[in-house]
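Owing to the predicted nature of the structure, the values given are computational and were not obtained by experimental measurement.
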Amino acid sequence: RYLALPQPEDKVQCMYIWIDGSGENLRAKTRTVETVPKDPKDLPIWNFDGSSTGQAEGQNSDVMLHPVALFSDPFRGGSNKLVLCETCGHDGEPLPSNKRRTCQQVMEQAKEFKPWFGIEQEYTMLDTDGHPFGWPKNGFPGPQGPYYTGVGARNVYGRDVVESHYRACMYAGVKIAGTNAEVMPAQWEFQVGPCEGIDMGDHLWLGRFLLHRVAEDFGVAVSFDPKPMPGDWNGAGAHTNFSTLQMRQPEGMKAIIEGIERLGKRHAAHIRAYDPHGGADNKRRLTGLHETSSIDDFSYGVAHRGCSIRIPRQCSDDGCGYLEDRRPASNCDPYCVTEMLVRTVCLNESG
C-alpha cells in the first residue's frame, strides 16, 4: 500500500546498480533526483564504500559510480529509473572489476563490422538454504529427461519467478528474447538479444539484476554457478550467439568459418576470459559430457551441442547467419566475452 501512495512530481527515485569486486555479484542503492533523466549523463556521479564490496581499502574507500545506461524501474513504476553504472576511482579510471570500459573501446574500433550478439543465460533457482528449489530435501528428483521445456508441477519448479522476471525485463526495456526450462530441474534460461556492441553487456547485466530482485520477492535465490550440482546433472552456461554484417549477408558462411578458425587459434585465451576465475569455474562444467565440449579441446560442427562452436542448422541451410560459442560459463562477464569475440574475429588479434 505504500507504493500506491502518490509520488511528488518533482521527485524521481534512481537506483544505481553496479558490479562488485567479485566480478559476479551486483550491488545497488537509491537516490532522489528532481527531474526525470533522459540520458545517463543527466545524472550525477555518485560514490559508495568500496571497502565493503571488495573494491577499495578502508583508508581510501570511496569508489565513484558513473551512470552509463538507463532503464525503467518495474518495482517502483512511474518515472523512476534503474541506472547501470561503471565503477571508477576518484581519477575517473576504471577499477579492475570494471570490464565495460575496454569493451566499449573495442566495440568502437569494430563498429563497421556491426557485431550482433545474443546470450542464452542459464541459471539455477535455490531455496535460501542453498538446496535446489523444488528438489526433495532428503533425496534427488528423477533423472534428467522430462524437465527441459517441461510443463506440469512434477517437471518444472519456479515458473512464477520466470514469468515475473520476463515481464519485468520487458517493462524495464531489457531486450529479452525468450525463456525456457532447462535440462536440470530448477534450472532455467532467459535469452537477451540481438544487441549490437556494448548493449549486449548492459542488457544482460540488467537482466541478471532483475532476476535477483524478482526472485527476492518470492524468497528464492538465484545461482549463476556453472556447475551447481556435482554428478550426473547438466551445468549452466551463457551460450553466446555472434555475427558480423558479413556473416549475416548472402554467402556469409565463408566469414563464419573464417571467424571460427580464428577462434580456434585463441582457444586458451578465450577460456581464461569466459569465467571470472580464469577458467577454473568452467573446468567443472566443460567436461565433454552433458552437452559440452572438453575445456582442453576446440571443435565446431553443424547442430552439434557437444562442440565448442555450433553452427545452427538453419544457418548452414541458408549459407549465412551466426555462430554459437558454447564455452562461456553462466557466471561470465558478458563485457569480457563480447570483447574477446570482437578482438579475435573482427580485429584479428592473436596470442
Side-chain angles (χ1 to χ4, degrees), residues 18-27 53-55 87 94-103 106 117 119-126 130-132 182-184 186-189 200-201 204-205 208 211-212 221-240 242 263-300 305-310 324-344 349-351:
W18 69 95
I19 304 155
D20 72 11
S22 69
E24 302 180 63
N25 301 320
L26 290 153
R27 308 285 182 122
T53 64
Q55 291 170 289
T87 51
L95 298 189
S97 55
N98 176 3
K99 308 300 184 184
R100 188 183 188 276
R101 188 71 62 87
T102 58
C103 180
V106 166
F117 305 93
I119 293 184
E120 304 165 18
Q121 177 66 71
E122 295 178 340
Y123 62 93
T124 307
M125 291 190 204
L126 307 174
H131 195 71
E182 267 301 334
V183 178
M184 188 180 84
Q187 188 183 78
W188 291 80
E189 169 184 302
M200 184 68 254
L204 189 70
W205 274 116
R208 287 174 174 177
L211 180 58
H212 282 302
V222 170
S223 172
F224 291 109
D225 189 281
K227 187 70 174 177
M229 292 299 291
D232 195 20
W233 303 101
N234 271 39
H239 303 152
T240 302
F242 168 65
L263 291 171
K265 294 175 182 177
R266 299 191 76 199
H267 177 63
H270 279 257
I271 289 295
R272 288 193 296 272
Y274 281 6
D275 73 51
H277 299 102
D281 291 339
N282 244 340
K283 190 172 184 179
R284 294 184 284 120
R285 166 181 163 259
L286 296 180
T287 61
L289 302 173
H290 304 109
E291 301 183 40
T292 70
S293 61
S294 168
I295 194 170
D296 298 315
D297 301 322
F298 181 84
S299 58
Y300 72 92
R305 283 175 165 77
C307 284
S308 309
I309 307 291
R310 180 178 73 95
E324 179 193 50
D325 192 338
R326 297 180 60 81
R327 297 171 294 173
S330 51
N331 63 343
C332 70
D333 188 327
Y335 296 130
C336 293
V337 173
T338 56
E339 177 182 334
M340 281 295 291
L341 284 166
V342 169
R343 284 185 181 275
T344 300
E349 292 187 8
S350 58

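Under 3.5 Å, the side chains of H270 and T344 contain a donor-acceptor pair of N or O atoms. Side-chain atoms of D232 and H290 include a donor-acceptor pair closer than 3.5 Å.
A donor-acceptor distance shorter than 3.5 angstrom exists from the side chain of R326 to the backbone of R305, with no hydrogens or angles considered. The backbone N or O of Q187 sits nowhere less than 3.5 Å from a side-chain atom of T124 that would complete a donor-acceptor pair. Using a distance-only test at 3.5 Å, with no hydrogens or angles considered, no donor-acceptor pair links the side chain of E120 to the main chain of T240. Side-chain N or O atoms of D275 include one that pairs as donor or acceptor with a backbone N or O of D281 at under 3.5 Å.
Across every non-hydrogen atom of Q55 and I19, the tightest pair is NE2-O, 3.1 Å. Here the closest non-hydrogen pair linking C307 and S293 is C-CB, 3.7 Å. Heavy atoms only, all atoms of each residue included: P328 and N282 are closest at C-ND2, 4.2 Å. The two residues H267 and D296 come nearest to each other via the heavy atoms NE2-C, 4.2 Å. The shortest non-hydrogen separation linking I309 to R327 is CD1-NH2, 4.0 Å. Nearest approach of P226 to A329, heavy atoms of both residues: CG-CB, 3.7 Å.
To the nearest 0.5 Å, atoms CG (N331) and CD (E122) are separated by 12.0 Å. Taking CZ of R285 as the start and CD of E291 as the end, the distance is 10.5 Å to the nearest 0.5 Å. Expressed to the nearest 0.5 Å, how far OH of Y274 lies from CE of M340 amounts to 6.5 Å. For the atom pair T338 OG1 and I119 CD1, the distance stands at 6.5 Å (nearest 0.5 Å). Taking NE2 of H239 as the start and OG of S330 as the end, the distance is 9.5 Å to the nearest 0.5 Å.
In this structure the side chain of F117 reaches within 4.5 angstrom of the side chain of V342, judged on heavy atoms. Residues L263 and F298 form a side-chain contact, since some pair of their non-hydrogen atoms from C-beta on lies under 4.5 Å apart. Put simply, the side chain of I271 reaches to within 4.5 Å of the side chain of L286, judged on heavy atoms. For the pair E24 and H277, the minimum side-chain heavy-atom distance is below 4.5 Å. With a 4.5 Å cut-off on side-chain heavy atoms, M184 and P228 count as touching.
A tilted orientation is assigned to the rings of W205 and Y335, their planes being inclined by 30° to 60°.
Aromatic ring centroids of F224 and H212 lie under 6.0 Å apart.
Using a cut-off of 4.0 Å between Lys/Arg side-chain N and Asp/Glu carboxylate O, D225 and R284 are scored as salt-bridged.
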